[in-house]
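Every chain is numbered from 1, with letters handed out A, B, ... down the list of sequences. Note that the structure is predicted; figures quoted are calculated from it, not measured.
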Protein chains: 2
Amino acid sequence: MSLSHALLGLLAVAPASGYELTKEFEQEIGRYAWQAGHTSIYPELGKLAARGLVHVTHEGARGAKTYDVTDEGREELRSWLLQPPNPTATVRNEQVLRMFLLSALEPADQRLMLTRIAEHTGRAATELRAVVATETPGGGPRAGFGRLAGEFGIRQYEAVHEWALWALDHIAEDGQA
Amino acid sequence: MSLSHALLGLLAVAPASGYELTKEFEQEIGRYAWQAGHTSIYPELGKLAARGLVHVTHEGARGAKTYDVTDEGREELRSWLLQPPNPTATVRNEQVLRMFLLSALEPADQRLMLTRIAEHTGRAATELRAVVATETPGGGPRAGFGRLAGEFGIRQYEAVHEWALWALDHIAEDGQA
DNA sequence: GACACCATGTAAAAGGTTACATGATTCG
DNA sequence: CGAATCATGTAACCTTTTACATGGTGTC
């Protein structure tokens, strides 16, 4: 299960509370890599603590608990991250699924959908490029993290943008690509 | 739930049995978009039939049932596909998660991981480009489908490849991106 | 004092995976 | 006749989502 490793990884970069981790999952990590809500995060932190991979470093106001990774947790994370790319790893992307099912539509609808995708990803790439450019070097505890994610996102949007333009160019009148 | 729409979409392109759909999910669709095994596909086909979105067109040898989409199913599929891109759509990608957690590693491990990713995606892009180039135009019932998926995959691998090279170039000695 | 936000949790239901189970057909 | 492949299904388990539930703190 990858949620445990996602939490381990985020905590390895900087200790945090369940609440802060939840907000993290609403950012880039949730948009490109893995989604999770607080109702799965809190119990999972409890399980990780029970397994000795994380521990509570201190309790703050309003019952807030700050978690940090233990040496054992760091070892577990490292061995998971350094695994060779495995071809059966979990993949689930609703947007990409929509693109793949394009062939099920009539030609006119195909063009409509591809045009929308091209516009949307083109705009998203431009916006993200602007955001990344204005980000101050240095910054918070996860600054490097955001930079890496930003550059990934830009390339991701550009790739889909180029694909949509290619597809628009290559679907014939009868809709066969 | 997207599995139902994935099945609807595949059947809309060409009628098929649960067994054939299962094999479909082991190809590009499972690699880039959505995974499913036969144990989730068979019950789901049953539910879709109960809702009147698909129906069994004929039963062949060994109890094989060929499903096709009904008009109602086609309408449901179309309205789902033409929905505007929604930012909270399901995203779950173990490989991308690994990349995002790069910052949790020591600089030497980061470089090792990025080098591996760059090599792997570079090779995958080249191989896929070769496969797409040799595919005969025309072909089977889902030929357009495979072409679309192939072009998508190529751009996907290239994007990650470029990202990994960028990251290798930009992580300083202390591992800050 | 109301509203926004901080901060945590549980429980039921839905969705998905793994393991188990069965039998037909085809090819060598 | 044995092995691979075709073809379907159920059940137990695990994971995830949705809904419910509670209370503290800061600010206007």
Side-chain angles (χ1 to χ4, degrees), chain A residues 1-8 10-11 15-27 29-30 33-51 54-68 80 86-94 97, chain B residues 1-8 10-11 15-27 29-30 33-51 54-68 80 86-94 97:
Chain A
M1 206 224 341
S2 296
L3 174 58
S4 54
H5 293 110
L7 293 172
L8 234 36
L10 289 172
L11 291 176
S17 65
Y19 184 80
E20 289 166 323
L21 291 168
T22 301
K23 283 187 299 180
E24 206 68 41
F25 276 91
E26 288 162 11
Q27 311 295 313
I29 194 161
W34 204 269
Q35 291 169 340
H38 83 276
T39 56
S40 55
I41 293 170
Y42 288 124
E44 190 62 39
L45 285 171
K47 285 181 208 165
L48 287 171
R51 289 168 59 199
V54 304
H55 66 119
V56 176
T57 53
H58 76 272
E59 312 206 1
R62 280 164 284 186
K65 288 181 240 174
T66 302
Y67 288 89
D68 198 356
W80 182 76
N86 115 307
T88 64
T90 301
V91 170
R92 198 151 275 175
N93 191 316
E94 197 178 312
L97 177 61
Chain B
M1 204 222 340
S2 296
L3 174 57
S4 54
H5 294 110
L7 294 172
L8 234 35
L10 289 173
L11 291 177
S17 66
Y19 184 79
E20 289 167 323
L21 291 168
T22 301
K23 283 188 298 181
E24 206 68 41
F25 277 92
E26 288 162 10
Q27 311 295 314
I29 195 162
W34 205 270
Q35 290 171 339
H38 83 277
T39 56
S40 54
I41 292 169
Y42 287 125
E44 190 62 36
L45 285 171
K47 286 181 207 165
L48 287 171
R51 288 169 59 199
V54 302
H55 66 119
V56 177
T57 53
H58 77 272
E59 312 207 0
R62 280 165 284 187
K65 288 181 241 173
T66 303
Y67 288 89
D68 198 356
W80 183 76
N86 114 307
T88 63
T90 302
V91 170
R92 198 151 274 174
N93 191 316
E94 197 178 313
L97 177 61

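- B:H55 contributes atom NE2, which lies 11.0 Å from atom OG1 of B:T66 (distance to the nearest 0.5 angstrom).
- Atom pair A:E24:CD and C:dC6:P shows a separation of 14 Å (rounding to whole Å applied).
- If you check every strand for non-hydrogen atoms under 4.0 Å, B:S17 touches sugar and phosphate atoms only.
- Along DNA chain D, the nucleotide nearest A:S40 and the nucleotide nearest B:A61 are compared for position; the residue whose nucleotide lies closer to the 5' end is B:A61.
- With contacts defined as side-chain heavy-atom distances shorter than 4.5 Å, the pair A:L48/A:L11 does not qualify.
- With hydrogens and angles disregarded, no donor-acceptor distance shorter than 3.5 Å links the side chain of A:Q27 to the backbone of A:E24.
- Taking atom OH of residue B:Y42 and atom P of nucleotide C:dG16, one finds them 17 Å apart after rounding to whole Å.
- In terms of heavy-atom proximity, A:A36 sits nearest to A:F25 at O-CB, 3.6 Å.
- Within the 3.5 Å criterion, the main-chain N or O of A:L8 finds no donor-acceptor partner in the side chain of A:Y67.
- Here C:dG15 presents its P atom at 16 Å from CD of A:Q35, a figure rounded to the nearest Å.
- In this structure, A:L45 places its CG atom 13 Å from C1' of C:dA7, rounding to the nearest Å.
- Separating the NE2 atom of A:H38 from the P atom of C:dC6 is a distance of 14 Å, rounded to the nearest angstrom.
- In this structure, A:T90 contributes its side chain and B:E94 its backbone to no donor-acceptor pair below 3.5 Å.
- Contact annotation: the side chain of A:L21 approaches that of A:L7 to within less than 4.5 Å [non-hydrogen atoms, C-beta and beyond].
- Checking C:dT10, C:dA7, C:dT18 against the side-chain heavy atoms of A:A64 singles out C:dA7 as nearest.
- Relative to the side chain of B:T39, the nucleotides C:dG16, C:dA11, C:dA19 differ in distance, and C:dA19 lies closest.
- If you walk DNA chain D from 5' to 3' and mark each nucleotide with an atom closer than 4.0 Å to a heavy atom of chain A, the marks span D:dT15 to D:dT25.
- Atom OH of B:Y19 is separated from atom C1' of C:dT26 by 12 Å (rounded to the nearest Å).
- Going from atom CD1 of A:I41 over to atom P of C:dA7 covers 14 Å, rounded to whole Å.
- The CD-P distance, from A:E26 to C:dA7, rounds to 14 Å in whole Å.
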